[in-house]
Visitor: 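My questions all concern the structure below.
Given the structure is predicted, the values throughout are model-derived calculations rather than measurements.
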Amino acid sequence: AIAHDLRTPLTRLRFRAEHTEPEIRDRMAADIEQMDGMIAQALAYVRGETVRENRVALDLGALASSVVHELAEMGAEVAVETAPGVRVQGEPLNLRRAVGNLVENAVKFAGAAYVRVTAEAGQAVVVVEDTGPGLPEADLETVFEPFRRAEPSRSRETGGAGLGLAVARGIARAHGGDVTLSNRPAGGLEARLTLPHSKEPNP
């Protein structure tokens, strides 16, 4: 309901912007797209917290590979390595959103991402590594707070509304897992998504 209420005036603004002078129209269009994008991120956060799907057997490696391949098709510098048989019982769209947010975050801030899917000590693990600047130790936890961003500008091009990590962690925890961040010894950031490992084969 909130999304509908907000997007209705945005639609009117788009229509009015089309009838303004070109230099004003372009700036208005950019502002409208920024607001629309922030609404979309807020909705994704709410859905991750409240909307549940039926859980099915999933090949986590195949899911992560699909995310990576789609980003590669759009020109992102991404690579993936998967171990066989890493399965989970999960909500397909929500888990895809969680993995996608982590990979997109790495690409956005570091320019590239390397993804590994493996099983460790009864956990299914997706590791997303980058070679960017990393984060101050004090920010490794606070960046998971909704609307909290390590990068201080409000530009959509450099980080959006600050909900991607909050969404990913919320989805992981709803599945009995978690998302954590750490600085890599060689430089860059490591995001680690853990989920309970299911040994049941896919149907």
Side-chain angles (χ1 to χ4, degrees), residues 30 33-34 36-45 47-48 60-83 86 88 93-120 123-173 175 177-195:
E33 289 306 312
Q34 179 177 354
D36 201 25
M38 293 176 71
I39 292 169
Q41 288 194 45
L43 283 172
Y45 176 68
R47 288 190 183 111
L60 194 58
L63 184 148
S65 295
S66 176
V67 170
V68 168
H69 292 156
E70 285 188 4
L71 289 171
E73 287 178 349
M74 293 187 290
E77 186 177 339
V78 287
V80 61
E81 178 182 350
T82 66
V86 182
V88 298
L93 293 179
N94 276 333
L95 286 181
R96 185 179 181 84
R97 182 178 297 118
V99 173
N101 285 357
L102 297 179
V103 180
E104 290 169 9
N105 202 60
V107 171
K108 186 180 296 178
F109 288 105
Y114 175 66
V115 182
R116 289 185 291 112
V117 180
T118 185
E120 300 175 2
Q123 297 286 307
V125 184
V126 179
V127 178
V128 181
E129 298 176 336
D130 65 52
T131 56
L135 287 172
E137 290 295 320
D139 287 344
L140 292 174
E141 185 63 25
T142 60
V143 290
F144 286 101
E145 298 173 7
F147 303 103
R148 183 68 172 266
R149 296 176 48 197
E151 191 279 317
S153 85
R154 299 301 299 175
S155 170
R156 287 272 302 151
E157 295 180 358
T158 56
L163 284 167
L165 290 174
V167 169
R169 172 172 274 186
I171 292 169
R173 289 184 171 178
H175 283 77
D178 206 354
V179 175
T180 58
L181 296 177
S182 61
N183 287 306
R184 301 173 62 221
L189 198 65
E190 176 184 292
R192 178 176 287 257
L193 166 67
T194 57
L195 299 165

Visitor: Which residue, Asp130, Val128, Thr131, forms the side-chain contact (heavy atoms from CB on, under 4.5 Å) with Leu189?
Guide: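 With Leu189 as partner, side-chain contact (heavy atoms from CB on, under 4.5 Å) holds for just one option, Asp130.
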Visitor: Test Leu193 against Val127 for side-chain contact (heavy atoms from CB on, under 4.5 Å), laying out the working first.
Guide: CA-CA 6 Å; Leu193 166 67; Val127 178; over 6 Å; no
Visitor: Above 12 or not: heavy atoms from other molecules or residues under 6.0 Å from CD of Glu77?
Guide: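 For Glu77, atom CD is not crowded (no more than 12 foreign heavy atoms under 6.0 Å).
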Visitor: Closer than 3.5 angstrom, by distance alone: can the side chain of Arg192 be matched with the main-chain N or O of Thr180 as a donor-acceptor pair?
Guide: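 Looks like no, no N/O pair under 3.5 Å.
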Visitor: Distance check, rounded to the nearest 0.5 Å: Arg169 atom CZ versus Glu141 atom CD?
Guide: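 Arg169 CZ to Glu141 CD: 4.0 Å, rounded to 0.5 Å.
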Visitor: When you look at Val68 and Leu71, which way does the side-chain contact (heavy atoms from CB on, under 4.5 Å) test go after all the steps?
Guide: CA-CA 5 Å; Val68 168; Leu71 289 171; 5.8 Å; no
Visitor: What distance do Ser65 atom OG and Glu81 atom CD have between them, rounded to the nearest 0.5 Å?
Guide: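 Here the rounded value is 10.5 Å.
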Visitor: Please confirm whether the backbone N or O of Thr194 pairs with a side-chain atom of Asp178, one donor and one acceptor, at under 3.5 Å?
Guide: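 No, the answer is negative, given that no donor and acceptor are paired below the 3.5 Å cut-off.
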Visitor: Shortest non-hydrogen contact from Gly100 to Val67?
Guide: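 Looking at all heavy atoms of both residues, the shortest contact is CA-CG1, 3.7 Å.
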Visitor: Evaluate Val167 against Arg97 for side-chain contact (heavy atoms from CB on, under 4.5 Å), listing each step before the verdict.
Guide: CA-CA 8 Å; Val167 169; Arg97 182 178 297 118; 3.8 Å; yes
Visitor: If you take all heavy atoms of Ala124 and Val88, which pair is closest and at what distance?
Guide: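 Here Ala124 and Val88 meet closest at CB-CG1, 3.5 Å.
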Visitor: Passes side-chain contact (heavy atoms from CB on, under 4.5 Å), Val103 versus Val115? Steps please.
Guide: CA-CA 8 Å; Val103 180; Val115 182; 3.8 Å; yes
Visitor: Minimum heavy-atom separation for Ala168 to Asn101, with atom names?
Guide: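 Heavy atoms of Ala168 and Asn101 come nearest at N-ND2, 4.2 Å.
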Visitor: Any side-chain heavy-atom pair from Leu102 and Val99 closer than 4.5 angstrom?
Guide: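 No, too far: nothing below the 4.5 Å cut-off.
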Visitor: Under a 4.5 Å cut-off applied to non-hydrogen side-chain atoms, are Leu181 and Leu165 in contact?
Guide: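 They are in side-chain contact.
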Visitor: Roughly how far apart are Gln123 CD and Thr118 OG1, rounded to 0.5 Å?
Guide: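 Rounded to the nearest 0.5 Å, the CD-OG1 separation comes out at 11.5 Å.
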Visitor: Looking at OG1 of Thr142 and CG of Leu140, how far apart are the two atoms once the value is rounded to the nearest 0.5 Å?
Guide: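 So the gap between those two atoms works out to 8.0 Å.
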